Participant: 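Below: one structure in structure tokens.
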Amino acid sequence: MKRPEILAPAGDFTCLQAAIDAGADAVYFGLGTFNMRARSGVNFKAEDLPEIARRCGKVKRYLALNAIMFEGEVEDVERTIVAAKPYVDAFIVSDWGVISLCRRHGATFHVSTQMSTSNSLAVRFLADQGATRVVLARECTLAEVKRIHDELGDSPEIECFVHGAQCVAESGRCFMSQDVFGKSACRGECVQPCRRRFKVQAVDLYVDKDGNPVHEAKTAFEVEPHTVLSAKDLCSIGFVDKLMAAGIASFKIEGRARNANYVKTCVEAYREAVDAVIAGTYGPDLVARLRAKLETVFHREFADGMYFGRPGADQFADSEDSLATTVKRHVGIVVDYFLKAGIAQVKIQDHEIRPGDEIQVHGPTTGVLELTLGELRRDDETPVVGEKGTWVTFKCPRCRVGDKVFFVEHRPTSL
């Protein structure tokens, strides 16, 4: 069985490094405009491209340019393609104008799920236009994915989402955020009104004998559950073997707006699952362990997406909160690192720490380090507690000044 690519999201250098260290075959990212995560904080800058390419090495790099392009923006998009082409392996696109620009400059491109490609005729047509890969519509069932692959083979390649948040709208083309807040989802600005609470207001209008309004009564009813439009998160860890058998070339993990620990955990889980299928060791025990691992990071209720049928009301979550079994509490920052001794000095700003605590260290170069604390030291003392407002040192693998330190709190959750 062919080994699929594990494709990871990268919203910043910490996430990028976490993806690389966890074993991702490829990463996808944005440059702040013309992509589906255009808001600040989850994008790189054009000047970061050489460093991204250097760090990735053989890990492939895909630049998202999958927002719609308006008249007057052609030159900006073209400049982005020309500037980025030497540093990326492909562009992820959904606008025909952007496709024409990629063709003009000989740039490799993949067609985004935003184009809602859901049949072999459409895939073949896109391949004829030069697409080397098509990200199928999220509405496709697994049987439909397999039929498309069986019809066309690996030309072009088929990519599908395997994990992460799902949009209530068809392939993410939603106008609710634009209508309510003036922030277009199709331009990467979605503020996710679908995840919010809803109220229904009933209005009773009283009129006199001539039909003139004399009184208006309003009653508000809160909708239960609150998550009537909030889709469950996709989790495919229980049927990775079936995804591979369907001929999917790339397993895409959603989450450019999520943190580095989420990226690391998801990549590790799907990397291990794919390797197990190849080795013939994939089974219920492994699935249960990997699912529990995925439950430790941010997620809503898990579901199979639409791989086994296009669902109705059961696609919506019962809770509006994350069901992660672990929560990170900010401890402080690394203020020094003694390389020969392998010791970090940390200024404790928020959450206190103790020997035996599980912590994580996050940094743009470090990625994500996970460790259990041993002895804490402060000068000649060995404090039992590292308290807020103090500093401590402890044994730690290589990290850097400015890295953030988090306490990992375990909590029960029911799914």
Side-chain angles (χ1 to χ4, degrees), residues 1-9 25-26 28 36 60 62 64-66 89-96 98-100 102-103 107-174 231-254 270 273-274 277-278 282 303-312 315:
M1 191 178 293
K2 188 174 180 180
R3 183 186 298 274
E5 169 188 271
I6 304 295
L7 175 55
D25 300 298
Y28 66 101
M36 298 308 293
K60 292 184 178 180
Y62 307 140
L65 283 177
N66 55 343
D89 294 282
F91 295 90
I92 305 171
V93 304
S94 65
D95 186 291
W96 282 106
V98 180
I99 288 176
S100 72
C102 287
R103 287 163 55 95
T108 301
F109 65 91
H110 301 166
V111 172
S112 169
T113 191
Q114 294 295 116
M115 200 174 272
S116 293
T117 310
S118 54
N119 59 78
S120 59
L121 284 177
V123 174
R124 181 181 286 113
F125 178 78
L126 291 167
D128 290 343
Q129 309 313 306
T132 59
R133 178 183 294 180
V134 174
V135 189
L136 291 182
R138 299 191 195 191
E139 294 74 39
C140 288
T141 66
L142 189 57
E144 289 165 345
V145 172
K146 187 177 188 306
R147 288 184 63 183
I148 291 170
H149 177 263
D150 289 348
E151 178 72 22
L152 301 175
D154 293 323
S155 183
E157 294 179 331
I158 296 299
E159 177 180 306
C160 291
F161 281 89
V162 298
H163 196 88
Q166 299 184 103
C167 181
V168 66
E170 183 175 353
S171 292
R173 296 201 306 274
C174 181
K232 296 177 182 178
D233 280 6
L234 171 64
C235 178
S236 304
I237 205 69
F239 49 97
V240 166
D241 54 342
K242 293 180 175 62
L243 296 171
M244 292 171 66
I248 299 171
S250 180
F251 284 8
K252 189 169 195 171
I253 298 168
E254 185 276 337
Y270 283 92
V274 166
V277 174
I278 297 295
Y282 179 82
D304 296 339
M306 303 191 193
Y307 282 119
F308 300 104
R310 288 180 268 277
Q315 70 180 301

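Since this is a predicted model, take the numbers as computed values, not measurements. Reckoned from all heavy atoms, side chains included, excluding hydrogens, waters and symmetry mates.
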Participant: Tell me the closest heavy-atom pair linking Leu126 and Met115, and the distance in Å.
Facilitator: CD2-SD, 3.6 Å

Participant: How far apart are the closest heavy atoms of Arg103 and Gly130, and which atoms are they?
Facilitator: NH1-N, 4.4 Å

Participant: So, for Phe109 and Cys102, which heavy atoms are closest and what is the spacing to 0.1 Å?
Facilitator: CD2-CB, 3.8 Å

Participant: Dump the intermediate steps for side-chain contact (heavy atoms from CB on, under 4.5 Å) on Cys160 and Leu243, then the final yes or no.
Facilitator: CA-CA 9 Å; Cys160 291; Leu243 296 171; 6.0 Å; no

Participant: Would Ile6 and Ile253 satisfy side-chain contact (heavy atoms from CB on, under 4.5 Å), going step by step from the backbone distance to the final call?
Facilitator: CA-CA 8 Å; Ile6 304 295; Ile253 298 168; 4.2 Å; yes

Participant: Can you see which heavy atom on Glu5 is nearest to which on Ser250, and at what distance?
Facilitator: OE2-OG, 2.7 Å

Participant: Hey, is the main chain of Tyr307 close enough, under 3.5 Å, to the side chain of Asp304 for a donor-acceptor pair?
Facilitator: no

Participant: Hey, mind stepping through Glu151 and Arg124 against side-chain contact (heavy atoms from CB on, under 4.5 Å) and telling me if it holds?
Facilitator: CA-CA 10 Å; Glu151 178 72 22; Arg124 181 181 286 113; 3.5 Å; yes

Participant: Just how far is it from atom NE2 of His149 to atom OG of Ser120, taken to the nearest 0.5 Å?
Facilitator: 12.5 Å

Participant: Do you know the tightest heavy-atom contact between Cys140 and Thr117?
Facilitator: SG-O, 4.1 Å

Participant: So Tyr282 and Met244, do their side chains get closer than 4.5 Å, heavy atoms only?
Facilitator: no

Participant: Please list all pairs meeting salt bridge (Lys or Arg N to Asp or Glu O under 4.0 Å) that have one or both residues in residues 156-165, counting only residues at least two apart or in different chains.
Facilitator: Arg133-Glu157, Arg133-Glu159, Glu159-Lys252

Participant: Can you tell me how far the CD1 atom of Ile248 sits from the CD1 atom of Ile158, to the nearest 0.5 Å?
Facilitator: 8.5 Å

Participant: To the nearest 0.5 angstrom, please state how far the OH atom of Tyr62 sits from the OG1 atom of Thr108.
Facilitator: 10.0 Å

Participant: Drop me the distance from His110's NE2 to Thr132's OG1, to the nearest 0.5 angstrom.
Facilitator: 3.5 Å

Participant: Would you please name every residue forming a side-chain hydrogen bond (donor to acceptor under 3.5 Å, both in side chains) with Glu254, sequence neighbours left out?
Facilitator: Arg37

Participant: Could you pull out the closest heavy-atom pair between Lys232 and Gln166, with the gap in Å?
Facilitator: O-NE2, 2.9 Å

Participant: Give, for atom CG of Leu136 and atom OG of Ser118, the distance between the pair rounded to the nearest 0.5 Å.
Facilitator: 8.0 Å

Participant: Any side-chain heavy-atom pair from Phe91 and Val98 closer than 4.5 angstrom?
Facilitator: no

Participant: Would you say the side chains of His163 and Tyr270 form a donor-acceptor pair under 3.5 Å?
Facilitator: yes

Participant: Could you measure the distance from the CZ atom of Phe161 to the CG atom of Leu234? Nearest 0.5 Å is fine.
Facilitator: 9.5 Å

Participant: Salt bridge check, Lys2 against Asp154: does any charged N sit closer than 4.0 Å to a carboxylate O?
Facilitator: yes

